[in-house]
Amino acid sequence: MSYDYDLFVIGAGSGGVRAGRISASYGARVAVAEDTYLGGTCVNVGCVPKKLFVYGSHYHEDFADAAAYGWDVEPKGFHWPRLRDNKNQEIERLNGVYQNLLDGAGVDTKLGTARLKDAHTVVMDDAEYTAENILVATGSWPTVPDVPGKEHVITSNEAFHLENFPEKVVVVGGGYIAVEFAGIFNGLGVETELVYRGPLFLRGFDEGVREFVAEELRNTGINLRFETTVERIEADGDRKVVHLNNGEALTADLVMYATGRAAKTDGLGLEALGVERTAKGGIKVDDFYQSSVPSIYALGDVIDRFQLTPVAIAEGMCLAANLFTDREPAKVNYDNIPTAVFCQPNIGTVGPTEEAARELYPNLQVYQSEFRPMKHTMTGRSERTMMKLLVNADDDRVVGAHMVGPEAGEIIQGLGVAITAGATKAHFDQTVGIHPTAAEEFVTMREPAR
Ligand SMILES: Cc1cc2nc3c(=O)[nH]c(=O)nc-3n(C[C@H](O)[C@H](O)[C@H](O)COP(=O)(O)OP(=O)(O)OC[C@H]3O[C@@H](n4cnc5c(N)ncnc54)[C@H](O)[C@@H]3O)c2cc1C
């Protein structure tokens, strides 16, 4: 049987584009279908525009801090449409870059919604394409719980395109997207409330980091309400009233829910083909991204393992090489994935939390440092930086590093390499610091704190 393609990818996001391009570079005949935006969530409504907004929101502090350094800056105000539209322009440029990447690799781009007809056939409007292998890389979509008045709320998808900029916002959720957007709104001058049902946000991150960040965010003016739930939301003219379980009612211009994302599989036709799902609704795959239907693969957010762009990319690279080279099929190594949260100050982290590391390594040593960043010795800003290094005393290996502070993601990326390479605390101690930086603290911590 001859097929139109060796690989048909549904979804031109982080994982799908990478899998498609790399497969084509190995000589495979590849098509990629996309129905909304080239580059997927990350480029259009995720990492990239989010980081641009974080940059934009930090000027607020920078203008204030400039005075101590001799600069008299009188900001004339913040103009939301300019930030939003300049961001849109940059994203359009990136959409073009993605198109060029696919064209350059010889991948056929098909614009429109794709669904599966059978194990080797994809349908798009009136067209049908056959493929030996089909990759579902359709990503994920924000979910809002069934709270009365949910029609009055937005998600991160809409936050990137607001017509009217709010004066007051209520962000609901405790994951990294909620925390980052609270920082963005707050930095852009919006009165910001964050409502989270649990005792402390950023579940899954190091406990000390979570507590430290909560204190820092409170100092920047965000009102954090933990152990609080929303009972209902009502419209009051253009404003919204958020009724909380403690009887309080918050009136805001905007209510943003960032309470989770679910695999985007609606209308794909997976059920009819018997493609199995995980308990959370993701597509169930084995270590090689193969679903219960052997010709159908899935990776990235739709398999609901780690919803991160570099993970989707690594999975795409791995699958392409497994399918179209004659190497022994390999697996992605999910250990020690470094990650950042772009709250202000940032979090950077690699390896287990202190709590998890204690379970893994009974003789754990924790090196910790907290200090005022050099820049703020002059500005008087109360912001502090925190760093933590986790060392397994049995073999001296550094097993984790956590940081809260400016550019934490940039710093932790390098430490991720060291930890992946198996660096010991002795290696850290032998490394000469770069002075004066915050990062040098990671190679000068001498005495364990516990
Ligand atoms: C607000 C926000 C901030 C984030 N920040 C970060 C960050 O800082 N760092 C990080 O690593 N990750 C971040 N992420 C996560 C990251 O964006 C995702 O993990 C990543 O995009 C997943 O890639 P993917 O290829 O699995 O899916 P996606 O990038 O979502 O791509 C899926 C594509 O499939 C298309 N599609 C879906 N169904 C069909 C269909 N039937 N037919 C045709 N096309 C279809 C979609 O339109 C989409 O373009 C963020 C996410 C959000 C929402």
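Predicted, not measured: the structure shown is a model, and the values here were computed from it. For ligands, and for the atoms within them, numbers begin at 1 and follow the listed sequence.
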* To do: Before signing off on this row, confirm whether S156 and ligand 1 have an N or O atom pair separated by under 3.5 Å.
  => no
* Side chain, backbone, both or neither: which part of C42 has a heavy atom under 4.0 Å from ligand 1? -> both
* Structure fact -> Of D301, T138, L38, the one whose closest heavy atom lies nearest atom 26 (O) of ligand 1 is D301
* Quick one: does ligand 1 sit under 4.0 Å from the side chain of T113, the backbone, both or neither, non-hydrogen atoms only? -> both
* Looking only at distance, does L308 have an N or O less than 3.5 Å from an N or O of ligand 1? -> yes
* Asked: Hey, is ligand 1 close enough to T41 that some N/O pair sits below 3.5 Å?
  -> yes
* Asked: Is the closest N or O pair between R261 and ligand 1 shorter than 3.5 Å?
  -> no
* Nearest to atom 4 (C) of ligand 1 by heavy atom, P310, C47, A19: which? -> C47
* To do: Say whether D35, considering both its backbone and side-chain N or O atoms, lies within less than 3.5 Å of an N or O atom on ligand 1.
  => yes
* For Y5 and D108, does a side-chain donor sit closer than 3.5 Å to a side-chain acceptor? -> yes
* Would you say G15 and ligand 1 have an N/O pair spaced under 3.5 Å apart? -> yes
* **Under-4.0 Å heavy-atom contact with ligand 1, by part of T339 that carries it** => neither
* Asked: Does an N or O from A114, backbone or side chain, lie closer than 3.5 Å to an N or O of ligand 1?
  -> yes
* **Closest to atom 15 (C) of ligand 1 among Q307, E180, M124 (heavy-atom distance)** => Q307
* Asked: Is it true that atom CD of Q413 has more than 12 heavy atoms of other residues, nucleotides or ligands lying nearer than 6.0 Å?
  -> no
* Tell me which part of Y176 gets within contact of ligand 1: side chain, backbone, both or neither, using heavy atoms under 4.0 Å. => side chain
* Asked: Is the F53-F160 ring centre distance short of 6.0 angstrom?
  -> yes
